[in-house]
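For clarity, every value in this text was computed on a predicted model and none was experimentally measured. Counting convention: from 1, in listed order, for ligands and their atoms alike.
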Amino acid sequence: MAELQNIKKVLVANRGEIAVRIIRACRELGIQTVAVYSDVDRESLHVRYADEVYHIGPPQPGESYLRIDKLIDVAKKSGADAVHPGYGFLSERAAFAEATIDAGLTWIGPHPYAIRVMGNKEEARETVRKAGVPVVPGTHPGLTDEEIIKAIHQDIGFPVLIKAAAGGGGKGMRVVRKPDELLSSMAAAHREALGAFGDGTIYAEKLVDGARHIEFQILADMHGNTIHLLERECSIQRRHQKLVEEAPSPIMDEDLRARMGEMAVKAAQSVNYVNAGTIECLVDKDKNFYFLEMNTRIQVEHPVTELITGVDLVKEQIRIARGRRLSITQEQVRINGWAIECRINAEDPYNSFLPSIGTVSTYIAPSGAGVRVDSGIYEGFDVTPYYDSMLAKLICWGETRATAVLRMRRALEEYKIMGLKTNIPFHQNLMDSLRYQAGNFDTKFVEERFQMNEDESQLRPDVAAIMATLVEHQRRQQAAQIVQRPERDTSNWKWVGRYERMHR
Ligand code: MV4
């Protein structure tokens, strides 16, 4: 069906740690790489690691990393035969995917159609709903304001969440708790959406309170194979910025995983999805789950999935774009241990997470068993205010969740970044919090129930000892969770009490 595409040279249309990540995958596959850089990225790591580099303009993304014309130009000039967009920037712009394909190049990502449908949150919701995927009760697309109001009063009820169709990531959302606030909130949401996205379309959903954010990693090839690579727990966030992700989720059980995994595959198939993608869900206290949106790109937090499944997601993306089959089947997907990722940001956690800039005067990265650092910086690197404040990702693997937390504490302690403020103290406080250790948190945890300890000498020295006692218990618990479910019979009763040792 699909013709095999020759990929010998990839244009990496991004910067920072994800550009480095993509270059590394290409290097291991024997593929040449082309990096692009703005004025302030001349000495960035992705520029040092690439085979060829091209300057694309001033630091402002609108004049460099977001310029489709310049990027396609570089691709042609360099003789690249494929484009990898990374995350952020142009990664979810259907027009960039189209321009790439029109230039005769291979797009390492989903078809522009899938990007477009999933990019409109209202259309995405309707498309997956028709495929039998559970969505939060809400309005149908194409309603007038009057019809939306009527639907809220008659069918949805309060509290509702007004969302922007063109939004995503929480932009343009408004909670409405009382009927008398509805009109003004809708008007405000409409204005905000129009200003931010150039599209004022809004819709309404029932507010799901105190939920967790759990997402499923999807891979699909051009031969009709669509699989999921388990879930990631992403509830530790602040103002819609994720701070810590882990895989698997502490609340997952085998039955919920099977049902959500099946749902995620269905959602991807509803747009004939090909390549890597993520299905974002809300999971409430009763473990009801709802599709929220699909991210049609590789995500920041992809390494936690890589560490527990052993699948290199970026290599898999390239393999798929080449027209080859997925390297694994659903049945071959296994969980091995637990992985946690801390996003290391140039932000001051003691001062409302205010962005920090400056030259990295000392840089000592953690290493050792079970530690992975995906970084875009080095000693002497200048952190400028032009881009995202994420400098690096610290990802720790452990046989059990407790082992991973203990390893993360150790690695955070080893991590020395000087010359600017980072959120490392936040992560240290979080890893030492009993709520985090117990896996007992939702998306409101950081903003509403988490307190930074102002005195770093107060970091709990007893935590390691307490947590270490959890390790053996969790080992059994986790092993019990990953016993293969019997075909068809979805009840778990006959497996209760049986342990299957997965690791050693
Ligand atoms: C919701 C919700 C509650 N109820 N929808 C935030 C970003 C966008 N992906 C959708 N979001 C939410 N949609 C309903 N009907 C709560 C959120 C939400 C959230 C979701 C995921 C991760 C963090 C979040 C933080 C606040 C709100």
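Between E293 and ligand 1, at least one pair of N/O atoms sits closer than 3.5 Å. For the pair H213 and ligand 1, the shortest N or O to N or O distance does not fall below 3.5 Å.
Within a 6.0 Å sphere centred on CD of E262, heavy atoms belonging to other residues, nucleotides or ligands number 12 at most.
Short contacts between ligand 1 and L207, defined as distances under 4.0 Å to a heavy atom of the residue, involve ligand atoms 3 (C), 4 (N).
Side-chain contact between L229 and E306 is absent, with no heavy atoms from C-beta onward closer than 4.5 Å. When side chains are defined from C-beta on, E246 counts as touching R401, because their heavy atoms get closer than 4.5 Å. You'll find the side chain of I236 reaches within 4.5 Å of the side chain of V446, heavy atoms only.
When non-hydrogen atoms are compared, ligand 1 lies under 4.0 Å from neither the backbone nor the side chain of D209. Of all the heavy atoms of L161, the ones lying under 4.0 Å from any atom of ligand 1 belong exclusively to the side chain. Contacts with ligand 1 closer than 4.0 Å are made by side-chain heavy atoms of V136 only, the backbone lying farther away. Contacts between K206 and ligand 1 below 4.0 angstrom, taking non-hydrogen atoms only, involve the backbone exclusively.
Relative to the six-membered ring of F441, R212 meets both conditions, a distance below 6.0 Å and an angle of at most 45° to the axis.
Taking the six-membered ring where the residue is Trp, the centroids of F96 and F89 are separated by 6.0 Å or more.
Among M173, E205, K121, the residue whose heavy atom lies nearest to atom 12 (C) of ligand 1 is M173. The option with the heavy atom closest to atom 16 (C) of ligand 1, from among V160, L282, N295, is L282.
Between V314 and the options I108, I23, I22, a side-chain contact (heavy atoms from CB on, under 4.5 Å) holds for only I22.
Residue, atom and distance of the protein heavy atom nearest to atom 7 (C) of ligand 1 are G170 N, 3.2 Å. Scanning the protein for heavy atoms near atom 3 (C) of ligand 1, the closest one is V208 O, 3.2 Å. Protein heavy atom nearest atom 27 (C) of ligand 1, with residue, atom name and distance: H240 CE1, 3.7 Å.
Residue K163 places a heavy atom less than 4.0 Å from ligand 1.
Judged purely by distance below 3.5 Å, without hydrogens or angles, the side chains of T305 and Q217 never pair a donor atom with an acceptor atom.
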